[in-house]
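Single-structure report; data block below.
Just so we're on the same page: letters track the sequence lines, and every chain starts at 1. These figures come from a predicted structure and were not determined experimentally.
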Number of protein chains: 2
Amino acid sequence: MRWEEIDTQVCSIARGLAIFGDKWTLLIVRDAFRRVRRFSDFQKSLGISKHRLSDRLNRLVEVGILNKVLYDEKRARYEYRLTQKGIELYPVLMTVVQWGDKWVCDGDGSPVVFEHKLCGHEVQPKYVCDQCEKDITARDIVPKIGPGIERKLLRGEAVSRDSIDVKSITN
Amino acid sequence: MRWEEIDTQVCSIARGLAIFGDKWTLLIVRDAFRRVRRFSDFQKSLGISKHRLSDRLNRLVEVGILNKVLYDEKRARYEYRLTQKGIELYPVLMTVVQWGDKWVCDGDGSPVVFEHKLCGHEVQPKYVCDQCEKDITARDIVPKIGPGIERKLLRGEAVSRDSIDVKSITN
DNA sequence: TTGACAGGTTCCAAATTGGAACCCTATAAT
DNA sequence: ATTATAGGGTTCCAATTTGGAACCTGTCAA
């Protein structure tokens, strides 16, 4: 299978990664969260080639993660800003940060820490059950077929067996 | 800059993505959570070429996300299983699932839903402040220089200006 | 008038990929 | 005893993707 076909899987991970699972895209989104907005600033920050950057930015605009906002009419200059769809990638980025802080730090500790404006404390975001408020861990979660698969099956559509075979997530 | 150099940035996102930010790696990890364990099963599930798969599995073992476990001594057959380091990628994957469910579903709803063993309910995991328990959103978080950068600066090490320039994360 | 700046595009060499073919070992089937 | 099959690879090549350098264009500033 080639990469362009992975989003044919009935799987939100595959579909998500089809959008931002390549080498540079999430780093561009990271920079957008840091308020990097202009072509040349992305380039400086990432050291990516212009060609690639141009590609990636256009793609992100296409899929609705970034907006192109005119900031200089005469010279047709645009800024790239996160849309709501982009802003909601925040937990993805933050969970990567937390994993990285724990597993690929170099002994000096977290490069960046975070303050929660609402309570003023330094925050270690946590991932909890919305029903019982306990921490979510892989071992306590049982995946089940959801409507996205069920409805397709009811309509007789082919759904790869692989999507269906949802086993308990654990090693 | 070429991709192999991105983990020189003092940034947990860059360092994380240096490990699992390429096209197939996170999908392999996804499958590992689904209890896919053998070479040929990964291959069937992903449709990736053997060459690539071999590469990626070895890489994941190298960086300590998967363990190679002998299951047939005579024929030297191994299973690939998540280590603790791998299991802790769960929130990364789940936040991708939640984003994908919301933004790249096709009208049929979530392909897969999740039950929380501890309370028996269907769970929508949420990302909250460990101090005040309120939901975390990009707009309420202020990044600050952490020890990982500060200590390097105190030792006089070069830290790219880019890592330091931590602006409020918002558009 | 010259030059710098922002934001591209074009081109090529180098790296990465997918796919097919092949290899090796150990069991299973005939 | 011979053949087949399964698991897990490796080798090779053509196609795709990439990084980097060079070039283009329209505006402003000196």
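B:Lys50 has its NZ atom 16 Å from the P atom of D:dC12, to the nearest Å. The distance from atom CZ of A:Arg37 to atom P of C:dG7 is 14 Å, rounded to the nearest whole Å. Distance, B:Ile48 CD1 to C:dT16 C1': 12 Å, rounded to whole Å. Rounding to whole angstrom units, CG of residue B:Leu70 and P of D:dG7 are separated by 16 Å. As rounded to whole Å, 19 Å separates atom C1' of D:dA15 from atom CH2 of A:Trp3. Spacing between atom CG of A:Leu53 and atom P of D:dG20 amounts to 13 Å, rounded to whole angstrom units. Rounded to a whole Å, the CZ atom of B:Arg52 is 14 Å from the P atom of D:dT11. Note: CG (B:Asp55) to P (C:dT17) measures 8 Å, nearest angstrom.
Residue contacts for A:Ser49: at a heavy-atom cut-off of 4.0 Å it reaches a base atom on one of the strands shown. If you check every strand for non-hydrogen atoms under 4.0 Å, B:Phe42 touches nothing.
Counting all heavy atoms, side chain and backbone alike, B:Arg151 lies closest to A:Asp108 at NH1-O, 3.0 Å. Residue A:Ser110 comes nearest to A:Asp101 through the heavy atom pair OG-OD2, 3.1 Å, listed as atom of the first residue, atom of the second, then distance. Between B:Asp140 and B:Asp135, the shortest heavy-atom distance links the atoms OD2-O, 4.5 Å.
Here the nucleotide nearest the side chain of A:Ser40, chosen from D:dG9, C:dG7, D:dG7, is C:dG7. Relative to the side chain of A:His51, the nucleotides C:dC11, C:dG8, D:dT10 differ in distance, and C:dC11 lies closest.
For A:Glu157, the salt bridge (charged side-chain N to carboxylate O under 4.0 Å, His left out) partners are A:Arg155, not counting sequence neighbours. A search for salt bridge (charged side-chain N to carboxylate O under 4.0 Å, His left out) contacts involving B:Glu150 returns nothing, not counting sequence neighbours.
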Contact list (N/O, under 3.5 angstrom) for nucleotides 25-30 of chain D vs protein:
none

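Phosphate contact (OP1/OP2 of D:dG8, side-chain N/O of B:Tyr71, threshold under 4.0 Å): present. Applying the 4.0 Å criterion to OP1 and OP2 of C:dG18, one finds that B:Trp24 has a side-chain N or O inside that range. Put simply, B:Arg56 has a side-chain N or O that comes within less than 4.0 Å of OP1 or OP2 on C:dT17.
In terms of position on DNA chain C, the residue among A:Ser54 and A:Arg2 whose nearest nucleotide sits closer to the 5' end is A:Ser54. Comparing A:Glu5 and A:Ala76 along DNA chain C, the residue whose closest nucleotide (by nearest heavy atom) sits nearer the 5' end is A:Ala76.
Cation-pi geometry between B:Arg38 and B:Tyr71 is met: under 6.0 angstrom from the ring centre, within 45 degrees of the axis.
A salt bridge does not link B:Lys68 to B:Glu62: none of the charged nitrogens lies less than 4.0 Å from a carboxylate oxygen.
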